[in-house]
Number of protein chains: 4
Amino acid sequence: MCGKIHVLYQLSKAGKLCVPAMNVNDSVTKQKFDNLYCCRESILDGLKRTTDIMFGGKQVVVCGYGEVGKGCCTALKALGAIVCITEIDPICALQACMDGFRVVKLSEVIRQMDVVITCTGNKNVVTREQLDRMKNGCIVCNMGHSNTEIDVASLRSPELTWERVRSQVDHIIWPDGKRVVLLAEGRLLNLSCSTVPTFVLSITATTQALALIELFNAPEGRYKQDVYLLPKKMDEYVASLHLPNFDAHLTELTDEQAKYMGLNKNGPFKPNYYR
Amino acid sequence: MCGKIHVLYQLSKAGKLCVPAMNVNDSVTKQKFDNLYCCRESILDGLKRTTDIMFGGKQVVVCGYGEVGKGCCTALKALGAIVCITEIDPICALQACMDGFRVVKLSEVIRQMDVVITCTGNKNVVTREQLDRMKNGCIVCNMGHSNTEIDVASLRSPELTWERVRSQVDHIIWPDGKRVVLLAEGRLLNLSCSTVPTFVLSITATTQALALIELFNAPEGRYKQDVYLLPKKMDEYVASLHLPNFDAHLTELTDEQAKYMGLNKNGPFKPNYYR
Amino acid sequence: MCGKIHVLYQLSKAGKLCVPAMNVNDSVTKQKFDNLYCCRESILDGLKRTTDIMFGGKQVVVCGYGEVGKGCCTALKALGAIVCITEIDPICALQACMDGFRVVKLSEVIRQMDVVITCTGNKNVVTREQLDRMKNGCIVCNMGHSNTEIDVASLRSPELTWERVRSQVDHIIWPDGKRVVLLAEGRLLNLSCSTVPTFVLSITATTQALALIELFNAPEGRYKQDVYLLPKKMDEYVASLHLPNFDAHLTELTDEQAKYMGLNKNGPFKPNYYR
Amino acid sequence: MCGKIHVLYQLSKAGKLCVPAMNVNDSVTKQKFDNLYCCRESILDGLKRTTDIMFGGKQVVVCGYGEVGKGCCTALKALGAIVCITEIDPICALQACMDGFRVVKLSEVIRQMDVVITCTGNKNVVTREQLDRMKNGCIVCNMGHSNTEIDVASLRSPELTWERVRSQVDHIIWPDGKRVVLLAEGRLLNLSCSTVPTFVLSITATTQALALIELFNAPEGRYKQDVYLLPKKMDEYVASLHLPNFDAHLTELTDEQAKYMGLNKNGPFKPNYYR
């Protein structure tokens, strides 16, 4: 499960993992398809279905520039939104810079934003104090992780009025009349308010199924009570199964080339740490 | 060294590596900056300085969709070229599909191409047979790996005439008058014909220097005669040193958030396998 | 009304126009907002709501590269579709080339396409013969003009079965089992299956209201029984009314600059023919 | 000539134009190719050849969002620069918003900018006061119009030191050591420091030649001492002559379609005011 993978590693570290586990979440096909490519589309779909917002010219802050954040930012920028990001990790922050996004602290920009999107996998990324400072009509939603990223609990307080304007859309009304538009009560927008293409489901489900088959079939001793990354070869197999959809034509290595690269002609083609 | 990293792993496998080695090439900062972000700019710069080509509307095939290929494709597509790619790896091929590039075999498209760019790290990716089939005026260049990707040796044959039209630019002339424009005699375009921004050099040099310092200072026994990835923490340190250039403001984890994520507030923020 | 403006000019030419008419459709704000910017968003919205298609890697042909076509192409390309276009006008065709789209005849590519979109303002752009040659699952829709662009009538024939799979979505089933997905029975996708942001409606409605006010208030003789373009100044006024939404700060000409340019400091800033 | 067209109109208004003139500058092929598409490439080329700047993450302000400004902004944004614009015209300003650029006054942002680019066709767009406030290392250049846009004269004053660091590149040094990098002494960057592809020259030269031929061959009385736009049909002819370069296949109207649209099958396909 997406945002929960660190729990598995914590269990493993603490010696409390009682079976082998496969970290499917960090396989390339999962990371890129379920996260990057799928979110690139579902952020648009989720916002349109709930709010009918026009993206052009909107000021958007995306919290977190991992794969999900990268997908959201790419799509929104392409449709004319002005996007800035927040990050805790200097590597992701530098990537954001190189991709043309200003890296800011949320509190520096919160007053100007039209849309606030969380994709950090963390908790309380948007606090009540920041919700208080948002402008009228600001849309807040979560693309990241369960329902912890926005401090929704803090909004269930007597001085604020909740008005459900349609399914999955609440207006939170401040005493001065300011409205903040909260989507899916802070749960995952991509799951609650957008469709997930069957193509992406197929990739994720295939990866999960192969991981289970591998764990089931593996000879005694191959896997201990630890967390493992999906073998590269399987990741490549999942990809190859989905290529015919695109009429994509793979090139085959010649014997000479395979030898030069030190690769088997049937893969795996990349080292295990490759992303 | 960029394309040579598999040689280190081969030596290690064969038990012939006699010192510890740090695989700096696969650190995130190196992969993304020296390869992806730098090549995104130097492919344009290299082609402009040598050929004055207009990118808009040009048919381009990029061989290899790793970080270098991704950089080249992004830039050329953004400037209006019509780009297709070749790949041996189904994962990279699927990424190319999702990014909007047709995945083809080189021989299927070679007759229509205006520009052929290699970024595979392999040898003989463009063969004499394919050079024979290119159209008049086709530009051929290498962004990948030493000078092996284009079979330049096959062009040094009596039936073909070489005409040096300016520094780094040769016209290879077929008996029927067809000209192929070969850049830098098949050596790296980005090093031979384009500038490398000092910012990128700074990132790469910092990474290399830190790796050497780590190997030198490491206590006896931390590293054996093997190939190691740069510790994540150092990779993040390199990035953080370069952020002030962009007036980027990092967010700090609260204690509560760090605990929830199981992270140290000062990093590393990602598992070691993260890219 | 969008696709109907040539009818007004035909009436005028024939001397049959009995009142002055304002060609609001060709005002800059209408062309760019209602057509380019709005369609850039509604093509995505319309396709997602009806079909849940994943855009990445899809082969799409867009018939017509006017403002609507440009909007559709920009959005689909940005989300990873592989887009080609058809055109009758060499200027628009050359623009498509420079923007990185292959210019093809529909019959050359129809077999490979995943999506066919019409935006020509013309009739029978997609013929029965072409519908017969589409592959299984191909989606066909119209962004252009009334319901004439796709020859839907030709599909109401006994050998084909229509199956309504949900509101606005019909599967047309060939005797061999092939299904073509027809959206909104060939009517406008953007009006039938997508939302139109209130911001765009505001721009269009403001432009129309100002045109009517101008026609109503104009002194005797300013307008004859002909078709007029909206005065530039009004077009600029509509735009200026909508700028505060974006916290946009206009620069004012200095006296010296206005004199140098031969402009009034309050506009109009462009000649009337400017688009 | 590009920036000088308003002079012709001023002469005409004043009754001082003594021959017919053709406004070639505002033909579609000229506007789009010489301005939009060519500047999209030459802004990158000009900056790279003179300064080796890395575009990723750079803060850039572009003064003027006409065709030239649009070209510059598209290219720089695509390569990861963070771009904002200044405008006097509300229509162009609204377009900038919809394309994802913040619209600012120059003095609001001048302190943070890494690059300042003028494309207004006006004079003194960048003043001495603004030059005084730029940060160390800021690059200033002109893509617009003769050498008037940047107030270069104001920099030729005793308290500032000029240092020529290479051809077309001057460092202007303030008493406190701050350096501003001035390119081409404020003359046109695209003409001074970048190549112009022969393809673009061919389009512009063809358009100019056809205009002259038309004026020369026109029957007595067709043109008076006024400024005329190039007939649409000729504009289309120029485009059609250049399509074969891209292997572009135009679609032909059927008789039925031509009749429906009220068009001649050979064009012109758009009304004269179309851009």
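Numbered from 1 within each chain, the chains take letters A, B, ... in sequence-line order.
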(message) Nearest 0.5 Å, please: how far is CD1 in D/I82 from SG in A/C84?
(response)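 Atom-to-atom, A/C84:SG and D/I82:CD1 are 9.5 Å apart.
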
(request) Tell me, for A/F101 versus chain D, whether the close heavy atoms (under 4.5 Å) come from the side chain, the backbone, both or neither. (result)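 Only the backbone of A/F101 comes within 4.5 Å of chain D.
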
For chain A against chain D, print all donor and acceptor atom pairs separated by less than 3.5 Å.
{"unit_1": "A/G57", "atom_1": "N", "unit_2": "D/C97", "atom_2": "O", "d": "3.2"}
{"unit_1": "A/G80", "atom_1": "O", "unit_2": "D/G100", "atom_2": "N", "d": "3.4"}
{"unit_1": "A/C97", "atom_1": "O", "unit_2": "D/G57", "atom_2": "N", "d": "3.2"}
{"unit_1": "A/G100", "atom_1": "N", "unit_2": "D/G80", "atom_2": "O", "d": "3.4"}

(request) Among the options A/A81, A/A96, A/G57, pick out the one with the most heavy-atom pairs lying under 4.5 Å from chain D. (result)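 Looking at each option in turn, the highest pair count goes to A/G57.
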
